[in-house]
*Asks:* 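What follows is a structure written as structure tokens; I'll ask about it next.
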Amino acid sequence: MNKLALKIAWRYLVAKKSTNAINIITGIAVFGLSMGVAVLILVLSVFNGFEQLLTNMVSNFAPDIKVEAVKGKTFISDSSLVYKIRALPQVKSVSETLEEIAFFECNKSQNFGTIKGVDTFFAQTNRVPSAIKEGKYIISSDQKDYAVMGRGVSNQLSVYLKDEFNQLAVYMPKRAEVSALEAPFKKQYLTPSGIFEIQQEIDNQYVITNLDFVRQLLQSDGNEVSAFEIKLKEGSEVTDFSKSLQKIVGAQFTVKTRLQQDDAFMKLVNVEKWMTFAILSFTILLIAFNVVGALWMIVLEKQKDLSIMSSMGARKSLLERIFLSEGFWICTLSVLIGFFLAISIYKIHTTLQGGLVPLPPGFAIDRYPVELRAFDFLYVAVIVYLIGMAASIPAMLRAGKTNLSIK
């Protein structure tokens, strides 16, 4: 923009007006846009906070990298392939897992869920052991099969860990054809050893035990698994590693990062976030009508100034730029004040015990989660400048017509 136009526009904005109402309307316009900016930043930050919170909670269960078969639910584990993966410099540990839907019964309570068989490397690969809230992480000991389960599963099945005779019956349909006199389900028992709390959907679904137990339950032939779960070393680049690993395992397998494993969830969160962003942007558009009114009144008040500048040789383009610059200064002030308000509220919320908006007891956190991200500030600033500069166009055109009428 023209430096002269910017200087004149700033003078028009901050100078005392002949009519006090113009000062008030201009102040309302700046205040409205500032509040809109602050609200947009804070709402996006809350979505960021919940996204990060849920991602962290799910990450306690989801591995860094997961390798699954392209076709079918399971595949036969190749020891040479596992060795190749473990030999990669970025890999910390590799766990073989086998999942299947099962029917559970305990203390006359029954429910469906997912049974997950894991090997001894699972404790190094996954964070479930650190999420145990009651009991211990034990999946096998002294020729006995144990299980850890989510809090939701334990509540549904009335599991009581301190009862030594408490047994969890697991039912699985037999794969082979059975006669009319045979039971259609294979039944085996587990001893509950621990209860974990990660995320409600996972807690309501999973029972984790040793891999051999699930293979026996499924009457599996050979080393059947449903996935390789991989833990990477600190500092490893996940995306680059997943691409290189895909070349090693071949086209018959899919390699998914943690975010790709929760792809549907992440897409849902982002859709909600940006739909809210769009709705609030329309609110800023409505607020921008105050900017139109304020600039229009400034144009009317500065008719004499425009006549003098025109008589001194000012071109129509300069007069138009002055009021376009006026809109620019209003947007700049609004953005800066809005950013300051948003950051101040964020600091107070994160510093104050319980936050400005506390959550009821029983939640994993005591306040609404918020996370400021630099790109959100950029997106909001772009939207405000687009709307604000568009709101300056009527005043700009009016100033141009004033110039023509003088000549």
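The figures that follow rest on heavy atoms only: side chains count, while hydrogens, waters and symmetry mates do not. Because the structure is predicted, anything quoted here is derived from the model rather than measured.
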*Asks:* Locate the shortest heavy-atom distance separating Asn210 from Ser140; write the atom from each residue and the value.
*Replies:*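 Closest approach of Asn210 to Ser140, heavy atoms only: ND2-CB, 3.7 Å.
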
*Asks:* To the nearest 0.5 Å, what is the distance between OG1 (Thr97) and CD1 (Ile208)?
*Replies:*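 Rounded to the nearest 0.5 Å, the OG1-CD1 separation comes out at 10.0 Å.
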
*Asks:* Nearest 0.5 Å, please: how far is CG in Asn166 from CG in Leu161?
*Replies:*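 Between Leu161 CG and Asn166 CG, I get 7.5 Å after rounding to 0.5 Å.
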
*Asks:* Does Lys273 NZ have over 12 foreign heavy atoms under 6.0 Å away?
*Replies:*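 Above 12, so yes.
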
*Asks:* Please check if the side chain of Asp119 supplies one atom and the backbone of Glu96 the other of a donor-acceptor pair under 3.5 Å.
*Replies:*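 Checking the backbone N and O of Glu96 against the side chain of Asp119, a donor-acceptor pair under 3.5 Å is found.
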
*Asks:* To the nearest 0.5 Å, what is the distance between CG (Asp64) and CD (Gln90)?
*Replies:*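 Rounded to the nearest 0.5 Å, the CG-CD separation comes out at 12.0 Å.
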
*Asks:* Using side-chain heavy atoms (C-beta onward) and a distance below 4.5 Å, is Ser77 in contact with Phe228?
*Replies:*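 Yes, at least one pair of side-chain atoms sits under 4.5 Å.
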
*Asks:* So Ile115 and Gln188, side chain to side chain contact (heavy atoms under 4.5 Å, CB included) or not? Walk me through it.
*Replies:* CA-CA 12 Å; Ile115 188 165; Gln188 292 183 196; over 6 Å; no

*Asks:* Would you say that more than 12 heavy atoms from the other residues, nucleotides or ligands in this model lie under 6.0 Å from the CZ of Phe253, or not?
*Replies:*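 Counting other residues, nucleotides and ligands, CZ of Phe253 exceeds 12 neighbours.
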
*Asks:* State, yes or no, whether a side-chain contact exists between Phe277 and Tyr379 at a heavy-atom distance under 4.5 Å.
*Replies:*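 Phe277 vs Tyr379: side chains touch.
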
*Asks:* Give the minimum heavy-atom separation between Ile387 and Ser281, together with the two atoms involved.
*Replies:*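 Closest approach of Ile387 to Ser281, heavy atoms only: CD1-O, 3.7 Å.
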
*Asks:* Under the 3.5 angstrom rule, does the side chain of Gln261 hit a backbone N or O of Thr257 as a donor-acceptor pair?
*Replies:*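 Checked: pair present.
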
*Asks:* Checking side chain to side chain contact (heavy atoms under 4.5 Å, CB included) between Pro192 and each of Leu157, Val159, Val153, Val148, which is the one that passes?
*Replies:*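 When Leu157, Val159, Val153, Val148 are each tested with Pro192, the side chain to side chain contact (heavy atoms under 4.5 Å, CB included) holds only for Val159.
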
*Asks:* What do you reckon, is CD of Glu105 surrounded by more than 12 foreign heavy atoms closer than 6.0 Å?
*Replies:*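 It does: Glu105 CD has more than 12 such atoms within range.
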
*Asks:* Look only at the side chain of Gln246 and the backbone of Val255, and say whether a donor-acceptor pair between them is shorter than 3.5 Å.
*Replies:*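 Between the backbone of Val255 and the side chain of Gln246 there is a qualifying donor-acceptor contact (under 3.5 Å).
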
*Asks:* Is the backbone of Phe61 close enough, under 3.5 Å, to the side chain of Asn126 for a donor and an acceptor to pair up by distance?
*Replies:*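 Side chain of Asn126 to backbone of Phe61, a donor-acceptor pair under 3.5 Å: yes, one is there.
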
*Asks:* Just wondering, do Val335 and Tyr385 contact through their side chains at under 4.5 Å, heavy atoms?
*Replies:*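 Of all side-chain heavy-atom pairs linking Val335 with Tyr385, at least one is under 4.5 Å.
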
*Asks:* Step by step, would you call Val128 with Tyr206 a side chain to side chain contact (heavy atoms under 4.5 Å, CB included)?
*Replies:* CA-CA 11 Å; Val128 167; Tyr206 276 92; over 6 Å; no

*Asks:* Taking the side chain as C-beta and beyond, is there a heavy-atom pair between Lys233 and Lys92 under 4.5 Å?
*Replies:*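 Touching, per the 4.5 Å side-chain cut-off.
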
*Asks:* Are any of the side-chain nitrogens in Asp203 or Lys133 under 4.0 Å away from the carboxylate oxygens of its partner?
*Replies:*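 Salt bridge flag = no for Lys133 with Asp203.
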
*Asks:* Quick one, Leu211 with Val118, criterion side chain to side chain contact (heavy atoms under 4.5 Å, CB included). Give me CA distance, side-chain angles, the key distance, then yes/no.
*Replies:* CA-CA 5 Å; Leu211 185 57; Val118 302; 5.8 Å; no

*Asks:* Going by distance alone, is a donor N or O of one side chain under 3.5 Å from an acceptor N or O of the other, for Thr114 and Glu100?
*Replies:*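 Checked: Thr114/Glu100 side chains show no N/O donor-acceptor pair below 3.5 Å.
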
*Asks:* Just how far is it from atom CZ of Phe196 to atom CZ of Arg127, taken to the nearest 0.5 Å?
*Replies:*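 Answer for the CZ-CZ pair, Phe196 versus Arg127, is 15.0 Å.
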
*Asks:* Considering non-hydrogen atoms only, spot the tightest contact between Leu98 and Glu224 and give its length.
*Replies:*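 In this case the closest contact between Leu98 and Glu224 is CD2-O, 3.7 Å.
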
*Asks:* For the NZ atom of Lys66 and the OG atom of Ser226, what is their distance to the nearest 0.5 Å?
*Replies:*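 Going from NZ on Lys66 over to OG on Ser226, the span is 6.5 Å.
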
*Asks:* Kindly give the heavy-atom pair with the smallest separation between Tyr137 and Ile132, and that separation in Å.
*Replies:*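 Result for this residue pair: CB-CG1, 4.1 Å.
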
*Asks:* I'd like to know if the side chain of Thr209 reaches the main chain of Tyr146, judged simply by a donor and an acceptor atom lying under 3.5 Å from each other, with no hydrogens or angles considered.
*Replies:*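 Yes.
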
*Asks:* What's the shortest heavy-atom distance between Gly327 and Met389, and which atoms?
*Replies:*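 Between these two residues, the closest heavy atoms are C-SD, 4.0 Å.
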
*Asks:* Leu232 versus Glu237: any side-chain heavy-atom pair under 4.5 Å?
*Replies:*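 The answer is no; the side chains never approach within 4.5 Å.
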
*Asks:* Report the distance from atom CG of Asp78 to atom OH of Tyr83, rounding to the nearest 0.5 Å.
*Replies:*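 Here the rounded value is 13.5 Å.
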
*Asks:* How close do Glu229 and Thr125 get, counting heavy atoms only, and between which atoms?
*Replies:*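 Scanning both residues completely, I find the closest heavy atoms to be O-CG2, 3.3 Å.
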
*Asks:* If we only count heavy atoms from C-beta on, is the Val37 to Leu341 side-chain gap below 4.5 Å?
*Replies:*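 With C-beta onward as the side chain, the pair stays apart.
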
*Asks:* Would you mind reporting whether Tyr346 and Ile41 have side-chain heavy atoms less than 4.5 Å apart?
*Replies:*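 SC-SC contact between Ile41 and Tyr346 ruled out.
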
*Asks:* Taking the side chain from Thr351 and the backbone from Ile348, do they hold a donor-acceptor pair closer than 3.5 Å?
*Replies:*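 Absent.
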
*Asks:* Distance to the ring centre below 6.0 angstrom and angle to the axis at most 45 degrees; does that hold for Lys116 and Phe122?
*Replies:*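 No, cation not above the ring by the 6.0 Å, 45° rule.
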
*Asks:* Could you check whether atom NZ of Lys136 has more than 12 heavy atoms from other residues, nucleotides or ligands sitting under 6.0 Å from it?
*Replies:*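 Incorrect, the count does not exceed 12.
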
*Asks:* Quick one: do Ile248 and Leu88 satisfy side chain to side chain contact (heavy atoms under 4.5 Å, CB included)? Show the steps, please.
*Replies:* CA-CA 10 Å; Ile248 295 173; Leu88 295 173; 3.8 Å; yes

*Asks:* Are Phe121 and Arg86 close enough that some pair of their side-chain heavy atoms sits under 4.5 Å apart?
*Replies:*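 Yes. Closest side-chain heavy atoms under 4.5 Å.
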
